[in-house]
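The block underneath contains the structure these notes are about, expressed in structure tokens.
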Amino acid sequence: MSEQKLQVYNTLTRKKEDFEPLNPPFVGMYVCGPTVYGDAHLGHAKSYVSFDLVLRYLRYLGYKVRYVQNITDVGHLVGDGEEGEDKLGKQARLEQVDPMEIAEKYTYTYFRDMDALNVLRPDIAPRATGHIPEQIAMIEKLIKNGHAYNADGNVYFDVHSDEDYGKLSGRKTEEAESGTRVESASDKKNPADFALWKKAEDDHLMKWDSPWGVGYPGWHIECSAMSTKYLGESFDIHGGGLENQFPHHECEIAQSECAHDAQFVKYWMHNNMVTLEGQKMGKSLGNAINLHQFFTGEHKLLTRAWDSQVIRFFLLQSHYRSTTDFSEDALEAAETGLKNLHSMISTIEKAENGSGESFDIEGFKTSFEKVMNDDFNSAKAIAVVFEKLKELRKSINDQKTPSNIEEVKSVIKTVVDDVLGIWPQENAGGSEELTKGLVELLIEIRKEARENKNFALSDKVRDDLKELGVQLMDGKEGTSFEID
RNA sequence: GGCGACAUGGCCGAGUGGCUAGGCAGAGGUCUGCAAAACCUCGUACGGCGGUUCGAAUCCGCCUGUCGCCUCCA
């Protein structure tokens, strides 16, 4: 581990702080997961790729991380605050299926798309509907502590009972009340109070018994209840999208700290948005491009399909706290860049220990860790990788392969594969050997053609192979090839 | 209206008080039957106006512009 400590930007204090876990080497990390009522889009990718990098880097540093990411399958309402329809309920009505079928379907597509982006699975992915008793217990505790009240089956958190309310978002409750356009529900004591439990109408699809009658939990309480269950009353990192800072995370803090009388989270991390022509990409704005659409190219704003790994690389090229402006031109630049990176890796992987000077592995690691320690600066980390790999490729090309190349390979693999998650993907399994054999055969034929000055034939071999995605390269040591 | 960000060369995108980010695209060259790849060389950017400083793209103020949150949203 490097001398310089990991620094994390904490939204709570609005500055970078040294990262010191509550119980080292253990780290508890909770990230707000998706509401599973539709396919994940590029915005989700930015968030989960960002926190995937955080997770991977913490593990690289040797921390034992427990990563919890919830699946929201109830309580998230459509439209104006307290009066809207449940998102899953609505989608269930539209698709004419049970809400749990919706949850199942979009949980599946969510993980399918995240897998494609090489996002590691959370250690625990708890569902809100699977933790109704925990949520009820927490609400009861809040009522008992005088922080919540029952208004005829609706239970609200009393914002005025919590002096700290607003500390994350820097908001005063008075401002929130006067500035808001939301009409306050009539049974609330204060307009800023938020629902912990909602009374269910007869036609409501998802509902449970509770001490306050039949109903369903509010959106915020699930994260408090589930994070407490799996990470304890206090834990290290809570992540999520910037737009969740208020009200969602503010409410989580209020609920948890009033229920437990302990600091809820030490480090709050928020990723920035993905924009499309300067506008936030979001479901409600109708400009979101689903990840699956990127992978297949089936979207009116896309001219073609994009490899999932290119999307990941593209996102990692900007910092998680910066907005990422999407365009196909930018994606294309990322695609070419990634291809070049993979080409360098392939050259290095083929190299064997040589007579050159040994490569400064510690220097490489130090540079990498230095930039990653600065609040996970993946953009700079990628720059470091490019610089060092170029250096290595040059020494190999000059027949001065470092004497410690095997060791170097292993470090590169750790950095590029384990941490950044952008290692070249393996070609389709069983036919790989066959493909290689066939291409080598064609290279042999082309070589004979060239020796006979039959350039028409040799060019046909090369050009037709290129059509198929196989690039031939003539070098001093003979012809080599790369498959896209 | 309240709160908060950001404004970097053709594009994307880091960044620090003084020294080359990086990627993509582009130009010239070496190599090659021709290519491709690789290698070498090349751009001297930081919204505007003031201020602090020996020196600011980097600190402060004002202005302009863009965006986010304040209502569900990664």
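Throughout, a chain's letter reflects where its sequence line sits, starting with A, and its residues are numbered from 1. Since the model is a prediction, treat every value here as computed from it, not as a measurement.
Counting any heavy atom pair closer than 4.0 Å across all strands shown, A:Gly43 reaches a base atom. Across all strands shown, A:Asn272 has heavy atoms under 4.0 Å from base atoms, whether or not it also approaches the sugar-phosphate. Counting non-hydrogen atoms under 4.0 angstrom, A:Phe455 reaches a base of the nucleic acid. Across all strands shown, A:Gln471 has heavy atoms under 4.0 Å from sugar-phosphate atoms exclusively, and none from any base. At the heavy-atom level, A:Val371 lies nowhere under 4.0 Å from the strands shown. Within the nucleic acid shown, A:Ser480 has no heavy atom closer than 4.0 Å to any nucleic acid atom. Within the nucleic acid shown, A:Glu482 has no heavy atom closer than 4.0 Å to any nucleic acid atom. No contact: A:Leu42 has no heavy atom under 4.0 Å from any strand. Nucleic acid contact class of A:Lys394 (heavy atoms, under 4.0 Å, all strands): sugar-phosphate only. Nucleic acid contact for A:Asn271: base, since at least one base atom lies under 4.0 Å from a heavy atom of the residue. The residue A:His248 sits apart from the nucleic acid: no heavy atom pair falls under 4.0 Å.
Rounded to a whole Å, the CG atom of A:Leu465 is 16 Å from the P atom of B:A37. One atom, CE of A:Met273, and another, C1' of B:G4, lie 13 Å apart when rounded to the nearest Å. Note: CD (A:Glu332) to C1' (B:G13) measures 17 Å, nearest angstrom. When the P atom of B:C40 is taken as reference, atom CG of A:Asn397 falls 9 Å away, rounded to whole Å. For A:Leu331 and B:C24, the CG to P distance is 15 Å, given to the nearest whole Å.
Looking at A:Asp375, A:Asn271, A:Asn272 one by one, the single match for side chain to side chain donor-acceptor pair (under 3.5 Å) with A:Tyr320 turns out to be A:Asp375.
Using a 4.0 Å cut-off, some side-chain N or O of A:Gln279 falls inside it from OP1 or OP2 of B:C67. Between A:Arg393 and B:C39, a side-chain N or O to OP1/OP2 separation shorter than 4.0 Å is present. Applying the 4.0 Å criterion to OP1 and OP2 of B:G23, one finds that A:Lys390 has a side-chain N or O inside that range. At B:A14, one or more side-chain N or O atoms of A:Ser322 fall inside 4.0 Å of OP1 or OP2 (strictly under the cut-off). Contact check, A:Lys280 against B:C69: a side-chain N or O comes under 4.0 Å of OP1 or OP2. Remark: A:Asn340 is in phosphate contact with B:C24, judged by side-chain N or O atoms under 4.0 Å from OP1 or OP2. Here A:Gln245 does not reach the OP1 or OP2 of B:C3: none of its side-chain N or O atoms lies under 4.0 Å away.
The base of B:A36 lies outside donor-acceptor range of the side chain of A:Asp474, with no N or O pair under 3.5 Å. For B:C6, the base has no donor-acceptor partner in the side chain of A:Arg321 [N/O atoms by modelled type, under 3.5 angstrom]. Put simply, the side chain of A:Arg14 and the base of B:G4 share no donor and acceptor less than 3.5 Å apart. Counting atom types as modelled, A:Asp459 pairs a side-chain N or O with a base atom of B:G33 as donor and acceptor under 3.5 Å.
Considering only side-chain atoms of A:Ala330, the nucleotide from B:A74, B:A37, B:C12 that sits closest is B:C12.
Nearest approach of A:Gly240 to A:His249, heavy atoms of both residues: CA-CE1, 4.0 Å. Smallest separation of non-hydrogen atoms from A:His248 and A:Cys223: NE2-SG, 3.4 Å.
The aromatic ring centres of A:Phe51 and A:Tyr48 sit 6.0 Å or more apart.
Checking A:Thr275 against A:Lys466, the closest nucleotide of RNA chain B that is more toward the 5' end is the one next to A:Lys466.
Side chains of A:Glu369 and A:Tyr60: a donor-acceptor N/O pair is present below 3.5 angstrom, by distance only. A donor-acceptor pair shorter than 3.5 Å can be found between the side chains of A:Ser343 and A:Glu482.
The gap from the C1' atom of B:C46 to that of B:C59 amounts to 16 Å, rounded to the nearest Å. Separation of the P atoms belonging to B:A57 and B:U16 is 15 Å when rounded to the nearest angstrom.
Partner assigned to B:C59 is B:G51, using Watson-Crick or G-U wobble distances below 3.5 angstrom.
Geometric assessment of A:Arg450 against the ring of A:Phe455 yields a negative cation-pi assignment under the 6.0 Å and 45° thresholds.
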